[in-house]
Undergrad: 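I'd like to ask some things about the structure below.
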Amino acid sequence: MDMHTVVVGTSGTTAEDVVAVARHGARVELSTAAVDALAASRLIVDALAAKPEPVYGVSTGFGALASRHISTELRAQLQRNIVRSHAAGMGPRVEREVVRALMFLRLKTVASGHTGVRPEVAQTMADVLNAGITPVVHEYGSLGCSGDLAPLSHCALTLMGEGEAEGPDGTVGPAGELLAAHGITPVELREKEGLALLNGTDGMLGMLVMALADLRTLYTSADITAALSLEALLGTDRVLAPELHAIRPHPGQGASADNMLRVLAGSGLTGHHQDDAPRVQDAYSVRCAPQVNGAGRDTLDYAAVVAGRELASSVDNPVVLPDGRVESNGNFHGAPVAYVLDFLAIVAADLGSICERRTDRLLDKNRSHGLPPFLADDAGVDSGLMIAQYTQAALVSEMKRLAVPASADSIPSSAMQEDHVSMGWSAARKLRTAVDNLARIVAVELYAATRAVEIRAAEGLVPAAASQAAVAALRAAGAQGPGPDRFLAPDLAAADTFVREGALVAAVEPVTGPLA
């Protein structure tokens, strides 16, 4: 566990803190202001609970059953029952980092003081995170409206000492036993608290934040691989000139062009074809890489704006307002997050598609300007990277299917009370798969491009210093050049790890300076 501590206050959190807690095990601590806000809002809820008039979420049923007034002696049972009945997820387990993000972001909203939850419940949430206890959450059960209900319910079940959870050693067992082993007392939920633990966009938001972090690395890596492919194909870097991108001032486009230009600085390959085999223009997949990569970058920036707003939000229903009112609202609807999750799946699919087109061009002897067929060591005796491109193409095909938006769908629920939903959780789940696939697609292009650059260097041409650094680092990471006695799969796996962990960016930046 990382000893870094994230302090949760009343005004939201940051993307960096989400990643620190979810992925790196950072400890969580409630600020004094958060504890005070929790106590103050609880006084309001307690006062309302003592009144004879029904208040939604405090002394009524939920959803389509909100018209029933619940008597005082049944309210604790009501809060337990909503957690138990909503913990209806099915399917495979969700990844540990997603569950930790889910719990942390629900704690973020609870700590805002707008939920009416007691300080001791919030502290238990922090204690569970700090103990490395991860509730078992399942793939299916959220429509992205009224919160990520089933996923959050499985987390709340752990706070009650019920259901199953995973301990810090990876062993799954009864949640109550895990809490006891770490000296954590299960919570006894009171008015509104069960509902407050379930009503949020926390799962889809956590997955959005982590996808953005991964895509930032992949987009920079894709700029580098595009530059390597341009170089290996003896393309021209004149299309990357800043003055050309200044007259179409999309910021992402300019950043990608600048990245590529810096990777290619000093190359003895770019433009070489103009001497002996003139081409008026390079193919779109080469020439338009900054436009495609850049448009994706701009989409990432917009998605980050939406994520930032959501990270600053208190998403619950009903909410406790500073003037003492407890008001119903629709802020739990996941539409803003769901849309950008789908946008990102679209741009990730297009980035994967253009990467695959450049790979195919590198392997085709009719379009690669002198490279051996399939970059084979001995074409005919071995098939080179032929089937690596098949694998890449299969991934691209899946990416296109994953780009179909989930947020365009809606399925009514709760006896037509919840008659329009966001499907944001589903959008987030498919985006995670898309990001995973994109890393593999970029890795295949990297492997092909570095192989092609090595072949050009063997012919006497001098690659850019950044290209040479990328080749050397990739080989040192275990992705060796093809040969008659080598299996290709381990090399591609090494290239995949190299890309997704940011090692490609780290390898070239000492030469290029920091890349966007």
Undergrad: Not counting sequence neighbours, list each pair that qualifies as a salt bridge (Lys or Arg N to Asp or Glu O under 4.0 Å) and has a residue in residues 128-140.
TA: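 Residue pairs passing salt bridge (Lys or Arg N to Asp or Glu O under 4.0 Å), neighbours aside: E139-R429.
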
Undergrad: Using the test salt bridge (Lys or Arg N to Asp or Glu O under 4.0 Å), find all partners of R401 that sit at least two apart in sequence or belong to another chain.
TA: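 With sequence neighbours excluded, R401 shows a salt bridge (Lys or Arg N to Asp or Glu O under 4.0 Å) to no residue whatsoever.
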
Undergrad: Around I411, counting heavy atoms of other residues, nucleotides and ligands shown, do more than 12 lie under 6.0 Å from its CD1?
TA: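 No, not enclosed.
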
Undergrad: Could you check whether any side-chain heavy atom of V28 comes within less than 4.5 Å of a side-chain heavy atom of T5, counting everything from C-beta outward?
TA: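 A side-chain contact is absent here, since even the closest heavy-atom pair is not under 4.5 Å.
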
Undergrad: Flag the pair L205 / M207 as yes when at least one side-chain heavy-atom distance between them is below 4.5 Å, and no otherwise.
TA: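 In short, these two side chains do not touch, never coming nearer than 4.5 Å.
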
Undergrad: Kindly indicate whether the side chain of R100, heavy atoms from C-beta on, has any atom under 4.5 Å from the side chain of F104.
TA: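 Contact flag for R100/F104 side chains = no.
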
Undergrad: Check this for me: does any side-chain nitrogen of one of D258 and R262 sit under 4.0 Å from a carboxylate oxygen of the other?
TA: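 The answer is yes: the pair qualifies as a salt bridge.
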
Undergrad: Between H4 and H24, does the ring centroid distance fall short of 6.0 Å?
TA: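 Centroid separation for H4 and H24: 6.0 Å or greater.
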
Undergrad: Does a side-chain N-to-carboxylate-O contact under 4.0 Å join R367 and D360?
TA: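 Result for this pair is yes, salt bridge flagged.
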
Undergrad: With S142 as reference, evaluate L152, V421, D148 under the side-chain contact (heavy atoms from CB on, under 4.5 Å) test and give the passing residue.
TA: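 The single option meeting the side-chain contact (heavy atoms from CB on, under 4.5 Å) with S142 is D148.
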
Undergrad: In sequence, state the C-alpha distance, the side-chain angles, and the governing distance for D282 and R361, and then conclude on salt bridge (Lys or Arg N to Asp or Glu O under 4.0 Å).
TA: CA-CA 11 Å; D282 292 312; R361 186 166 289 272; over 6 Å; no

Undergrad: With sequence neighbours left out, write down each residue that passes salt bridge (Lys or Arg N to Asp or Glu O under 4.0 Å) with D496, or none if nothing qualifies.
TA: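 D496 satisfies salt bridge (Lys or Arg N to Asp or Glu O under 4.0 Å) with R500 once adjacent residues are dropped.
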
Undergrad: Might you point out which heavy atoms bring V453 and S467 nearest each other, and give the distance in Å?
TA: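 Closest approach of V453 to S467, heavy atoms only: CG1-CB, 4.4 Å.
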
Undergrad: For H420, what residues pass the ring-ring contact (aromatic ring centres under 6.0 Å, His included) criterion, not counting sequence neighbours?
TA: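 Per chain and number, H420 pairs via ring-ring contact (aromatic ring centres under 6.0 Å, His included) with H333.
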
Undergrad: V508 and A470: which non-hydrogen atoms are nearest, and at how many Å?
TA: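 Distance-wise, the nearest heavy atoms are CG1-CB, 3.9 Å.
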
Undergrad: Answer yes if the side chains of T171 and E166 hold a donor-acceptor pair under 3.5 Å, and no otherwise.
TA: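 Note: T171 and E166 side chains miss the donor-acceptor criterion.
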
Undergrad: Please list all pairs passing the salt bridge (Lys or Arg N to Asp or Glu O under 4.0 Å) test where one or both residues lie in residues 283-297, with sequence neighbours left out.
TA: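 Sorted pair list: D223-R297.
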
Undergrad: Taking only residues two or more places apart in sequence or in another chain, which ones pass salt bridge (Lys or Arg N to Asp or Glu O under 4.0 Å) with E454?
TA: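 With neighbours one apart ignored, the set is R475.
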
Undergrad: In terms of side-chain heavy atoms, does T359 have a donor or acceptor partner in E445 at a distance below 3.5 Å?
TA: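 No - no donor-acceptor pair under 3.5 Å links their side chains.
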
Undergrad: Identify, with sequence neighbours excluded, every residue that meets side-chain contact (heavy atoms from CB on, under 4.5 Å) alongside A165.
TA: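 Counting only residues at least two positions away or on another chain, A165 forms a side-chain contact (heavy atoms from CB on, under 4.5 Å) with I133, T158, A175, L178.
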
Undergrad: Taking the side chain as C-beta and beyond, is there a heavy-atom pair between F487 and L492 under 4.5 Å?
TA: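 Heavy-atom side-chain distance check fails, nothing below 4.5 Å.
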
Undergrad: Are a donor atom and an acceptor atom from the side chains of E356 and Q389 found within less than 3.5 Å of each other?
TA: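 E356 vs Q389: donor-acceptor pair found between side chains.
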
Undergrad: Identify the heavy atoms of A101 and G206 that sit nearest to each other, and give their distance.
TA: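 So the minimum-distance heavy-atom pair works out to CB-CA, 4.0 Å.
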
Undergrad: Are any non-hydrogen side-chain atoms of S368 and L363 less than 4.5 angstrom apart?
TA: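 No; the side chains remain at least 4.5 Å from each other.
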
Undergrad: Do L143 and M423 make a side-chain contact, defined as non-hydrogen atoms from C-beta onward lying under 4.5 Å apart?
TA: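 With C-beta onward as the side chain, the pair touches.
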
Undergrad: Mind checking what makes side-chain contact (heavy atoms from CB on, under 4.5 Å) contact with E177, not counting sequence neighbours?
TA: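 Partners of E177 under the side-chain contact (heavy atoms from CB on, under 4.5 Å) test: P174.
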
Undergrad: Grab the two heavy atoms, one from Y219 and one from L300, that are nearest each other, plus how far apart they are.
TA: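 Smallest interatomic distance, heavy atoms only, reads CE1-CD1, 4.0 Å.
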
Undergrad: Go through the steps to decide whether D350 and K400 satisfy the test salt bridge (Lys or Arg N to Asp or Glu O under 4.0 Å), and finish with yes or no.
TA: CA-CA 8 Å; D350 200 40; K400 293 174 181 177; over 6 Å; no

Undergrad: Of all residues at least two apart in sequence or in a different chain, which pass the side-chain contact (heavy atoms from CB on, under 4.5 Å) check with L149?
TA: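 side-chain contact (heavy atoms from CB on, under 4.5 Å) list for L149, sorted by chain: H86, S146, L198.
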
Undergrad: Search all heavy atoms of L159 against all heavy atoms of M125 and return the closest pair with its distance.
TA: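 Result for this residue pair: CD1-CG, 3.5 Å.
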
Undergrad: So, are E97 and R432 salt-bridged, with charged N and O less than 4.0 Å apart?
TA: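 Judged by the 4.0 Å cut-off on N to carboxylate O distance, E97 and R432 do form a salt bridge.
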
Undergrad: Please determine whether a side-chain nitrogen of the Lys or Arg among D127 and R27 lies less than 4.0 Å from a carboxylate oxygen of the Asp or Glu.
TA: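 No salt bridge links D127 with R27.
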
Undergrad: Not counting sequence neighbours, list each pair that qualifies as a salt bridge (Lys or Arg N to Asp or Glu O under 4.0 Å) and has a residue in residues 227-251.
TA: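 Pairs touching residues 227-251 that pass the test: none.
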
Undergrad: I need the Y447 OH to L474 CG distance, nearest 0.5 Å.
TA: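 Reported value, rounded in 0.5 Å steps: 8.0 Å.
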
Undergrad: For residues M103 and D202, determine if any side-chain heavy atom of one lies less than 4.5 Å from a side-chain heavy atom of the other.
TA: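 Not touching, per the 4.5 Å side-chain cut-off.
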
Undergrad: Sequence neighbours left out, what passes side-chain contact (heavy atoms from CB on, under 4.5 Å) with V505? Give chain and number order.
TA: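 V505 satisfies side-chain contact (heavy atoms from CB on, under 4.5 Å) with T220, S221, I224, E509 once adjacent residues are dropped.
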
Undergrad: Any side-chain heavy-atom pair from V136 and H154 closer than 4.5 angstrom?
TA: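 V136 does not reach H154 side chain to side chain.
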
Undergrad: Report yes or no: do S256 and N293 form a side-chain donor-acceptor pair below 3.5 Å?
TA: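 There is no such pair between these side chains.
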
Undergrad: Between T201 and M204 (side chain of the first, backbone of the second, donor and acceptor by atom type, cut-off under 3.5 Å), is there such a pair?
TA: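 Checked: no pair found.
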
Undergrad: Side-chain donor-acceptor pairs under 3.5 Å in residues 335-345, sequence neighbours left out?
TA:
{"residue": "D342", "atom": "OD1", "partner": "A406", "partner atom": "N", "Å": "3.2"}
{"residue": "D342", "atom": "OD1", "partner": "K430", "partner atom": "NZ", "Å": "3.1"}
{"residue": "D342", "atom": "OD2", "partner": "A406", "partner atom": "N", "Å": "3.1"}
{"residue": "D342", "atom": "OD2", "partner": "S407", "partner atom": "N", "Å": "2.7"}
{"residue": "D342", "atom": "OD2", "partner": "S407", "partner atom": "OG", "Å": "2.5"}

